[in-house]
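Naming convention: chains lettered A, B, ... in sequence-line order (proteins, then strands); numbering from 1 in each chain. FYI, side chains are in, hydrogens and waters are out, and symmetry mates aren't considered; it's all heavy atoms of this structure.
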Amino acid sequence: MSILIDSNTRLVVQGITGREGLFHSRQMLEYGTHVVAGTRPGKGGEWVLDGKVPVFDSVQIAVDVTGANTSVIFVPARFAADAMLEAADSGVNLIVCLTEGIPVQDMMRVRNYLDQREVRLVGPNCPGLLTPGESKVGIIPGNIAIPGNIGVVSRSGTLTYEVLYALKEKNMGASTCVGIGGDPINGTNFIDVLAMFEDDPKTDTIVMIGEIGGTDEEKAAEYISKHITKPVYSFIAGATAPPGKRMGHAGAIVEGSEGTAQEKVKALRAAGVAVANHPEEIPDMILGD
Amino acid sequence: MKLHEYQSKRLFAEHGVPIPNGEIATTPEEARIIAEKLGGAVVVKSQVLVGGRGKAGGIKLAKNPAEAQILAEKILNLEIKGLPVRKVLVDEAADIQTEIYLGITNDRAAKKPVFMASAAGGVDIEEVAATTPEKIIKIHIDPLLGLQDFQVLNLAVGIEMPRDLWDQFNTVAHGLWQAYKSFDATLAEINPLIITGDNRLIAVDGKMIIDDNALFRHPDLESHRDLDVEDASETEAKEHGLTYIKLEGEIGCMVNGAGLAMATMDIIKFFGGEPANFLDIGGGADEQKVAAALRIILKDPNVKAVLINIFGGITRGDLVAKGILAALEEVKPTIPMVVRLVGTNAEEGRELLANADMITAETLADAAQKAVAAARGGN
């Protein structure tokens with residue numbers, strides 16, 4: 001067991017013929033993910049990746065023909081909202097959207113539409129998911145993590161790699177790593193993933209990487225104090241960020257007095273979460289307990 | 001992207017919101033001519049993208065065209081919170097009986113737009129929110145359905161809008177919603193919306209912020225950009241596909257990924273230094289991007305040391321190294337540089353940099369400590 005993706009994941013890649021889509025589809029295939037289909041309107045009938053993966057015109061056809069149950073989206077921001085809606089209507093149960101720079105109003109419409117359906121979105125603006133040794137959906141480098149019992153959830157990309165790598169250096173592995181993304185409006189939040197890790201028998205410990213902006217970490221802290229029995233470790237990026245500035249991620253902004261790292265750290269510590277001063281401290285903190 | 005008052009009001013007017021007659025002047029003479037055309041008293045309003053224009057003397061009432069010219073001259077010579085006043089809006093003076101606040105913004109937690117209204121308009125709404133939050137009526141809008149008439153009715157009742165003005169209020173509220181929606185705003189605000197002595201609603205001040213990610217849908221709005229509020233280095237960075245934010249410290253940072261860039265700044269502070277900037281070179285950065293990033297960092301005279309922290313995923317260590325070498329060749333920095341490369345092709349990158357005069361580090365903590373020490377030694 002693991003969460004969200006495993007060896008049963010059958011993946012369709014939306015935007016498989018683009019540079020990024022193709023490169024990362026190859027990486028996913030080499031990692032062992034069952035990449036069963038790709039889509040690109042107008043290129044249906046072609047085959048890519050040395051003839052291993054068929055391309056279809058639409059996600060619906062791809063799902064009907066190959067039985068794909070998960071979609072990953074590599075299309076540019078201006079087409080991403082449509083791509084998510086297309087996936088939602090195709091019958092897959094998990095959509096992972098990596099695209100950065102999607103207009104907020106597009107995301108509000110997508111999210112409100114998806115809420116009426118039985119489908120989960122992870123992202124957008126995220127690195128995707130990795131269940132070490134089984135499956136990867138997205139762009140997290142497979143070689144920086146080993147299988148283990150630590151569940152990792154994060155709003156960031158490379159900062160997550162940093163944590164996975166620091167764990168691996170100490171011979172500690174991950175059950176699943178979930179990048180929920182750096183946008184202000186996303187499909188899956190910390191609480192969703194914390195609940196899944198709590199129920200996952202393969203996860204014993206949880207690492208949660210947050211950052212400035214919004215109040216999701218504070219809500220997660222409240223949830224942890226009420227519902228999470230497994231130990232949680234955390235790091236919150238952005239203590240040195242000035243207010244009113246977007247720190248790269250669309251969602252990483254301190255607005256008024258809301259969204260500061262200090263408030264988040266305080267809320268998490270009050271909920272019994274061990275919060276690291278910097279990401280490389282996390283493995284030692286886990287080993288020390 | 002923030003829009004000026006006059007730009008915001010014109011976009012509202014395109015969707016049926018009544019605004020005062022008025023025009024933009026860049027010289028005192030133009031202000032006089034506009035005032036003559038309008039006839040009667042006018043308001044001369046500085047167009048700068050900061051709050052508190054009135055308190056700074058940037059908004060004045062003129063009784064006649066001659067006075068409008070004199071006041072415009074004064075205001076055009078002002079600098080408000082560090083920003084020069086380059087334009088004034090000359091608006092017909094309105095007969096203000098009541099001031100109302102109306103605003104639509106994205107509610108991140110609710111994942112829906114929220115329409116806010118208050119009878120306590122004309123003042124700083126954040127202050128109202130902090131001191132008397134009960135005076136602000138909030139209604140969430142389903143982004144799939146849009147604003148509904150019954151919701152406008154609830155707003156009108158909530159702020160005790162006189163019944164004979166409900167029809168006008170409906171037009172204003174829907175106009176504001178249409179402007180917010182069709183221009184991809186993250187904020188569309190009328191403050192104040194006034195009731196005049198002859199019972200008309202007029203939006204006398206307006207504010208809009210457009211979602212930068214949606215500007216591809218509004219190429220015509222690009223000309224509305226005010227470069228005075230944008231840091232030159234931040235603009236240059238944007239042109240190279242980089243995100244740069246200038247800070248006050250002495251250690252320049254170049255990092256791939258926004259979260260890691262923030263964490264790198266934090267760890268510099270943790271070990272006793274101060275970051276000079278936030279800089280994310282993005283995923284898949286190549287030689288040109290890296291070179292541009294280094295040039296921008298080194299332009300800041302406060303920088304005493306540079307910390308380059310790259311975790312290769314999509315970004316390749318060898319390409320980053322080549323970019324660093326190209327930039328070194330060009331800029332010839334005299335300050336110490338600390339480099340940490342991990343991940344994809346990091347080994348190749350490190351080999352390329354072996355002969356360059358740089359301090360290398362294995363871990364993030366190690367890199368931060370070396371950068372802090374180097375910045376101190378460089379003084």
So for Asn309(B), is it side chain, backbone, both, or neither that comes closer than 4.5 Å to the heavy atoms of chain A?
side chain

Part of Pro103(A) lying under 4.5 Å from any heavy atom of chain B
both

Rounded to the nearest 0.5 Å, how far apart are CG of Leu144(B) and CD of Gln116(A)?
6.0 Å

Specify the closest pair of heavy atoms between Ile245(B) and Arg246(A), including all atoms of both residues, with the distance to one decimal.
CD1-O, 3.1 Å

Is Gln27(A) close to chain B through its backbone or its side chain, or both, or neither, when contacts mean heavy atoms under 4.5 Å?
neither

Lys289(B) atom NZ, neighbour heavy-atom count above 12 within 6.0 Å
yes

Is it the case that more than 12 heavy atoms not belonging to Gln148(B) sit under 6.0 Å from its CD atom?
yes

Grab the two heavy atoms, one from Asn213(B) and one from Gly101(A), that are nearest each other, plus how far apart they are.
CB-O, 3.3 Å

Tell me, for Ala263(B) versus chain A, whether the close heavy atoms (under 4.5 Å) come from the side chain, the backbone, both or neither.
both

Output, in order, the C-alpha distance, side-chain angles, deciding distance and verdict of side chain to side chain contact (heavy atoms under 4.5 Å, CB included) for Thr363(B) and His278(A).
CA-CA 11 Å; Thr363(B) 66; His278(A) 62 81; over 6 Å; no

NZ/Lys138(B): more than 12 non-hydrogen atoms of other groups inside 6.0 Å
no

Would you name the heavy atoms of Ala109(B) and Lys219(A) that are closest together and state the gap between them?
CB-NZ, 3.4 Å

What part of Arg111(A) gets closer than 4.5 Å to chain B, counting heavy atoms only: side chain, backbone, both or neither?
side chain

May I ask you to check whether over 12 heavy atoms, not counting those of Asp220(B), lie within 6.0 Å of atom CG?
yes

Under 4.5 Å, counting heavy-atom pairs only, tell me which of Pro141(A), Ser154(A), Ala239(A), Pro127(A) racks up the most with chain B.
Ala239(A)

To the nearest 0.5 Å, what is the distance between CG (Asp107(B)) and CD1 (Ile185(A))?
8.0 Å

More than 12 heavy atoms of other groups within 6.0 Å of Gln262(A) CD:
yes

Could you name the residues of residues 177-185 of chain B that have a heavy atom within less than 4.5 Å of a heavy atom in chain A?
Tyr180(B), Lys181(B), Asp184(B), Ala185(B)

Look at Glu280(A), Glu100(A), Glu169(A) and state which one has the largest set of heavy-atom pairs under 4.5 Å with chain B.
Glu280(A)

Rounded distance [0.5 Å steps], CD in Glu258(A) versus CZ in Arg108(B)
8.0 Å

Sort out for me which of Thr264(B), Leu242(B), Val342(B), Ile310(B) touches chain A most, counting heavy-atom pairs under 4.5 Å.
Val342(B)

With only heavy atoms counted, which part of Glu162(A) is less than 4.5 Å from chain B, the side chain, the backbone, both or neither?
both

Is the count of non-hydrogen atoms from other residues, nucleotides or ligands lying under 6.0 Å from Glu222(B) atom CD greater than 12?
yes

Other residues, nucleotides, ligands: >12 heavy atoms within 6.0 Å of Lys238(B) NZ:
yes

So what's closer than 4.5 Å to chain B heavy atoms on Phe23(A): side chain, backbone, both or neither?
neither

How many angstroms lie between CG in Asp280(B) and CE in Met247(A), if you round to the nearest 0.5 Å?
10.0 Å

Going through the distances and angles, do Asp211(B) and Gln105(A) end up as a side chain to side chain contact (heavy atoms under 4.5 Å, CB included)?
CA-CA 9 Å; Asp211(B) 183 353; Gln105(A) 291 199 23; 6.0 Å; no

What part of Ser156(A) gets closer than 4.5 Å to chain B, counting heavy atoms only: side chain, backbone, both or neither?
side chain

Distance check, rounded to the nearest 0.5 Å: Asp142(B) atom CG versus Met108(A) atom CE?
10.5 Å

Just jot down the side-chain contact (heavy atoms from CB on, under 4.5 Å) partners of Glu217(A), sequence neighbours excluded, or say none.
Arg155(A), Phe190(A), Met208(A), Ile236(A), Lys264(A)

Parallel, tilted or perpendicular, as decided by the 30° and 60° cut-offs, for the rings of Phe311(B) and Tyr165(A)
perpendicular

Rounded to the nearest 0.5 Å, what separation is found between the CD1 atom of Ile141(B) and the CG atom of Asn112(A)?
11.5 Å

List the atom of Pro143(B), the atom of Arg109(A), and the distance in Å for their closest heavy-atom pair.
O-CG, 3.7 Å

Under a 4.0 Å threshold between the charged nitrogen and the carboxylate oxygen, would Lys245(A) count as salt-bridged to Asp231(B)?
no

Relative to chain B, which segment of Pro184(A) carries a heavy atom at a distance below 4.5 Å: side chain, backbone, both, or neither?
both

Return the minimal non-hydrogen interatomic distance between Thr240(A) and Met262(B), and the atom names on each side.
OG1-O, 4.3 Å

Which pair of non-hydrogen atoms, one from Leu364(B) and one from Pro279(A), has the smallest distance, and what is that distance?
CD2-CG, 3.9 Å

Atom group of Glu20(A) that falls short of 4.5 Å from chain B, counting heavy atoms:
side chain

Whatever's closer than 4.5 Å to a heavy atom in chain B on Ile102(A) counts as backbone

Hey, is NZ on Lys370(B) packed in by over 12 heavy atoms from elsewhere, all under 6.0 Å?
yes

